Each structure stands twice: as structure tokens, then as C-alpha cells.
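Source: prediction; values computed, not measured. Sequence lines set the chain letters: A, B, ... in the order given, protein chains first and strands last, and positions in each chain run from 1.
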There are 2 protein chains.
Amino acid sequence: MASDEIKKVSLAVIRRLPKYHKFLGELLQKNVERVSSHEMGRILGFTASQIRQDLNNFGEFGQQGYGYNVEQLYNELAKILGLNTEHKMVIVGAGKLGQALAGYGDFERHGFKILALFDVNPDLIGKSIRGIPVHDINDIIYFINENEVDIAVITVPRENAQEVADTLSKTMIKGIWNFAPIEVKAGPGVIVENVLLLDSLLTLSYRMNESRVKERIATQKNS
Amino acid sequence: MASDEIKKVSLAVIRRLPKYHKFLGELLQKNVERVSSHEMGRILGFTASQIRQDLNNFGEFGQQGYGYNVEQLYNELAKILGLNTEHKMVIVGAGKLGQALAGYGDFERHGFKILALFDVNPDLIGKSIRGIPVHDINDIIYFINENEVDIAVITVPRENAQEVADTLSKTMIKGIWNFAPIEVKAGPGVIVENVLLLDSLLTLSYRMNESRVKERIATQKNS
DNA sequence: TAGATTGTTAATCGATTAACAATC
DNA sequence: TAGATTGTTAATCGATTAACAATC
């Protein structure tokens with residue numbers, strides 16, 4: 001029946017959810033009990049209307065005349081974001097970037113536990129980085145399935161990234177967080193989030209250059 | 001007059017430009033001379049219409065019946081993205097992440113030259129990482145102005161990120177690329193691009209969890 | 001020339017904002 | 001109760017897609 005149909009939540013909404021969650025976490029820390037959509041919008045730079053629309057994709061979490069209970073909404077958002085269960089991660093590539101991510105406490109704090117790093121380099125295999133062991137890449141399929149790892153982070157060079165994604169697709173992995181500078185493809189049922197750092201830098205560069213671009217267009221259009 | 005008015009280019013368009021640029025670079029490598037919007041769209045997963053609309057924000061680069069000249073369009077996009085002049089960068093924070101970014105050849109290849117890293121740690125100051133010297137953070141204002149650095153990368157811990165941004169705002173820096181897990185604010189005229197890694201991970205987590213969320217909503221709506 | 005493909009206008013689609021009855 | 005603020009419908013705005021005359 002029609003009431004069962006869940007409309008697809010747009011990516012724009014999804015990308016705002018972590019910001020709501022973070023803000024509510026901060027309020028919780030300050031022992032704030034309730035918050036209105038207006039107040040949230042004022043501080044986060046969204047309209048109250050948008051926040052209410054976003055939240056109502058997932059349920060009715062507020063109360064007329066009162067607003068939202070901070071703790072309750074925080075927990076609901078955590079559930080929506082999949083933070084109510086612990087995630088097990090491995091990092092593929094124990095270079096500088098892999099090591100940087102391994103030492104990044106924020107992930108653990110949100111329930112993403114890094115079990116191991118993997119590398120091809122014999123000098124690294126067997127070592128440990130901030131208490132996290134570096135294993136041989138050849139053992140990764142066994143390790144993931146044995147330990148019910150659900151997220152793999154790819155921090156290998158571009159050349160090997162797709163190959164790693166292919167290997168991962170043979171396991172029970174559920175998500176791939178890719179830092180290599182290509183958009184890797186994975187098997188069906190595996191969600192991929194590509195972090196394209198160069199794209200981000202080029203976006204910055206564009207915006208720094210924007211006024212010059214506009215001048216150029218204006219000049220062309222006049223001539 | 002009205003023809004002078006340049007309509008604001010939306011962020012959605014801007015974020016697609018690096019993908020066009022990259023694709024054209026690959027075609028150029030393969031000595032492909034011309035490409036149609038249809039062909040580009042087919043491979044990149046956009047509609048031909050969208051690509052033509054996007055490009056026409058910046059000028060008329062194509063030719064009826066022919067399409068686009070790969071080399072010309074590649075160069076035009078480079079100009080639009082601010083890649084026609086070399087950018088000088090410094091990295092603030094010479095920890096693992098700073099070191100990882102310092103060793104990332106893709107940036108240099110696109111004209112982003114990393115001149116130095118900066119840190120507070122006396123063990124790191126004076127050393128060099130892949131040929132790039134690590135300087136004392138106290139010298140950063142002088143260094144940036146003296147060397148006409150236009151982009152600063154922030155890879156310091158959360159606690160110090162805003163402070164660094166404030167210091168940078170006192171210099172002639174034009175852009176800040178921030179990897180600390182807060183949205184830093186900078187002085188007027190300074191463009192900030194925040195790379196919020198946790199947000200990216202939570203987006204992945206949401207999508208991995210999506211089917212479960214929908215079930216939950218459906219159940220609620222039935223009861 | 002005929003075929004292809006652009007630049008651009010019009011139509012559609014989706015996301016954001018505004019408005020307001022419902023209700024705590 | 002009166003005031004506040006939700007959930008939700010309607011209006012607006014913006015972005016994407018379709019269509020097609022212009023033209024290489």
C-alpha cells in the first residue's frame with residue numbers, strides 16, 4: 001500500500017545528517033535538554049524548515065510547542081547513521097596516509113574500530129602502528145571474513161586501488177572508503193565512498209580564481 | 001547592462017569541473033582529438049545536456065557538428081580551475097597526515113607546489129620530508145608573505161585548527177584547505193575548503209545501513 | 001550537401017522555503 | 001489557556017533534462 005512506500009532520501013539530506021548529529025552531540029555535552037528547529041538552523045546556517053523536512057524523512061522526533069529532545073534526537077540520528085552498532089574496519093595500505101587514519105581517534109569514538117592494517121611491504125608487515133598490527137595483504141580475505149570486518153579503507157597507490165577493491169569484493173565487506181585518486185568500482189551490495197582529494201583542492205582553486213574567471217567571461221561577452 | 005551580468009555558478013557545477021578536466025586529460029594522453037558531449041556523458045555518467053549546460057556557464061567551447069576539441073577544452077577547464085598559474089602551498093602540521101599530503105605527487109603534477117611544512121615539534125623542525133623542509137610554526141607569517149604562498153593546508157589537531165586559521169588570516173594567503181575536524185573560519189577574502197573526513201565516513205555508514213533504516217520507518221508507519 | 005552536434009530555450013523534476021493547522 | 005513549535009501541505013526556486021533551430 002501507498003503508506004508503505006518510503007521515498008528515496010536524497011544525497012543532499014544525507015550529507016547534512018552528520019552535521020545535525022555533531023551539533024546535537026555538542027548540545028548534549030553542555031547538558032542542553034531541548035532545541036528547536038529554528039535554533040539549530042540559526043547556528044548551523046540552515047533554515048528551520050529544511051531541518052524539519054530533513055528529519056521528517058525518518059520519523060516524527062519532535063513535539064509541538066516544545067521542539068526536539070536533544071538526547072533523543074541525537075540517539076535517533078545515531079541509529080539512522082548506523083552508529084548504534086560497532087563497525088569493524090581494516091586499512092589497506094600502511095603508508096603515511098594509512099598510518100594517519102589509523103591514529104585518528106575520532107573514528108573509534110564513533111564506534112569505528114580499526115582492527116588491522118594491510119600492506120605488501122615486508123618491512124611493515126608484523127610491525128604495529130599505535131597498537132594496530134600490520135598484516136600481509138595476502139591474508140586479507142581470510143581476516144575480513146573471520147573477523148566480520150564490514151568497512152575497508154583503501155590507502156594504496158592509484159595503480160593498485162581497483163585491484164584491492166576487486167579483492168575486497170570477494171569478501172563479506174559491506175563498505176569501501178577509498179582514498180586512492182580514482183573512483184573504484186566494487187561488487188554488488190558493496191557501498192563505495194570515494195574521497196577525491198584532488199577534486200577538493202581543485203574546487204578550492206576554482207573558488208580562489210572565481211573573480212578572474214568572471215572577468216574573462218564578461219570581456220568575451222562584450223566583444 | 002544585462003549582458004554583463006554573470007550568473008553565479010552553482011557548487012554542483014563546480015564540483016563536476018574536476019571530473020571533466022580529468023577525463024579530458026586522459027583523452028589527451030590517448031591522443032584523442034575531439035569528443036562530443038554525448039560521449040563524455042556516456043563515460044562519466046552524466047547527460048550530454050548537463051555537460052553542455054555546465055560548460056556554457058563559462059563560454060562557447062564547442063562547434064556544431066564536430067563537438068569539442070579535447071586539447072582546447074582541457075586547457076580552458078584548466079584556466080577556469082585556476083591551473084594556468086602555479087600555486088604555492090605550505091602544510092601546517094607535519095604529522096602523519098601532513099607528511100602523507102607532502103608526498104602526494106598529484107598536487108605537484110597539477111601545479112600545486114609545496115614549499116614547506118610547519119610544526120611546533122622541535123624534533124621535526126629542521127628535518128625535511130621528501131625534500132620539503134619543516135619549519136618552525138613561528139616563522140609562518142614571514143614565510144608566507146615572503147614567498148607569496150597562496151594556499152595553506154591545515155593538518156594540525158582539532159584544538160589548534162582555528163588558531164592556525166586566525167594566524168593565516170593575518171597573511172596574504174588566498175585559500176585554506178582544512179583537514180582538521182571542525183569547519184574553520186577565516187578572514188574576508190580567504191576561501192576555505194573543509195575536508196570533513198568523519199562526515200564522509202558517516203555518509204558511507206548511512207548508506208550501508210540504509211535498508212535497515214527504511215525497514216524501521218515502514219514498521220513505524222504501519223503501527 | 002547531409003549528418004552531426006552544438007548552444008540555448010522550454011519543460012520537467014526535485015529540493016528548498018513559506019505558510020499554517022494541529023497540538024503540546 | 002496562550003504561546004510556541006511541530007509536521008506537513010503548498011509555493012517557490014533552482015537544477016536537470018528534453019527539444020530543436022542554428023550551423024559546422
Trainee: Would you confirm whether the ring centroid of A/Phe107 sits within less than 6.0 angstrom of the ring centroid of A/Tyr104?
Mentor: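 They qualify: ring centres under 6.0 Å apart.
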Trainee: In whole angstrom, give the distance that lies between atom NZ of B/Lys8 and atom C1' of D/dC13.
Mentor: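 So the two atoms are 14 Å apart, to the nearest Å.
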Trainee: Could you check A/Leu11 against B/His38 and say which one's nearest nucleotide on DNA chain C is further toward the 5' end?
Mentor: B/His38
Trainee: Kindly say if B/Tyr66 contacts the phosphate of D/dA22, meaning a side-chain N or O under 4.0 Å from OP1 or OP2.
Mentor: no
Trainee: What's the CZ-P distance between B/Phe46 and D/dT17, to the nearest Å?
Mentor: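 Going from B/Phe46 (CZ) to D/dT17 (P), I get 10 Å.
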Trainee: With side chains defined as the heavy atoms from C-beta onward, is the minimum distance between B/Met89 and B/Val153 less than 4.5 Å?
Mentor: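 Yes, close enough: below the 4.5 Å cut-off.
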Trainee: What's the CG-P distance between A/Asn56 and C/dC20, to the nearest Å?
Mentor: 19 Å
Trainee: Determine which nucleotide pairs with C/dA21, using a 3.5 Å limit on both distances of a Watson-Crick or G-U wobble pair.
Mentor: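 Checking every strand shown, C/dA21 finds its partner in D/dT6, with both distances under 3.5 Å.
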Trainee: So does A/Arg52 get a side-chain nitrogen or oxygen closer than 4.0 Å to the phosphate oxygens (OP1/OP2) of D/dT6?
Mentor: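 Yes, such a contact exists.
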Trainee: Looking at the side chain of A/Arg34, which of D/dT8, C/dT6, D/dT5 is the nearest nucleotide?
Mentor: D/dT5
Trainee: How long is the line joining CD1 of B/Ile51 and C1' of C/dT6, in whole Å?
Mentor: 13 Å
Trainee: When you compare the side chain of A/Val164 with that of A/Phe118, does any pair of heavy atoms fall below 4.5 Å?
Mentor: no
Trainee: Can the positive tip of A/Arg34 be found less than 6.0 Å from the middle of the six-membered ring of A/Tyr68, inside 45° of the ring normal?
Mentor: no
Trainee: As a test of reading the structure: which of D/dT16, D/dG7, D/dT5 is closest to the side chain of B/Arg16, going by heavy atoms?
Mentor: D/dT16
Trainee: Counting side-chain heavy atoms from C-beta on, which of C/dT6, D/dT5, D/dT16 comes nearest to A/Ser36?
Mentor: D/dT5
Trainee: Rounded to the nearest Å, what distance is computed from the CD atom of residue B/Gln63 to the P atom of nucleotide D/dA22?
Mentor: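 Those two atoms, CD and P, are 18 Å apart.
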Trainee: Reckon A/Ser49 touches a base, only the sugar-phosphate, or nothing at all at heavy-atom distances under 4.0 Å?
Mentor: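 Base, at least one base atom sits under 4.0 Å.
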Trainee: Out of C/dC20, C/dT17, C/dT6, which nucleotide sits closest to the side chain of A/Gln53?
Mentor: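 The closest nucleotide is C/dT17.
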Trainee: Expressed as a whole number of angstroms, how long is the span from A/Phe61:CZ to D/dT8:P?
Mentor: 12 Å
Trainee: Would you mind reading off the distance between A/Tyr68 atom OH and D/dT5 atom P, rounded to a whole angstrom?
Mentor: 12 Å
Trainee: Check the phosphate of D/dT17 against B/Thr47, side-chain N and O only, distance under 4.0 Å to OP1 or OP2. Yes or no?
Mentor: yes
Trainee: Rounding to an integer number of Å, can you tell me how far B/Asp54 CG sits from C/dT8 P?
Mentor: 14 Å
Trainee: Measuring from the side chain of A/Gln64 (C-beta onward, heavy atoms only), which nucleotide among C/dT23, C/dA15, D/dC20 has the closest atom?
Mentor: C/dT23
Trainee: Under the side chain to side chain donor-acceptor pair (under 3.5 Å) criterion, do B/Gln162 and B/Asp166 qualify, and how do the steps go?
Mentor: CA-CA 6 Å; B/Gln162 185 54 57; B/Asp166 293 342; 2.8 Å; yes
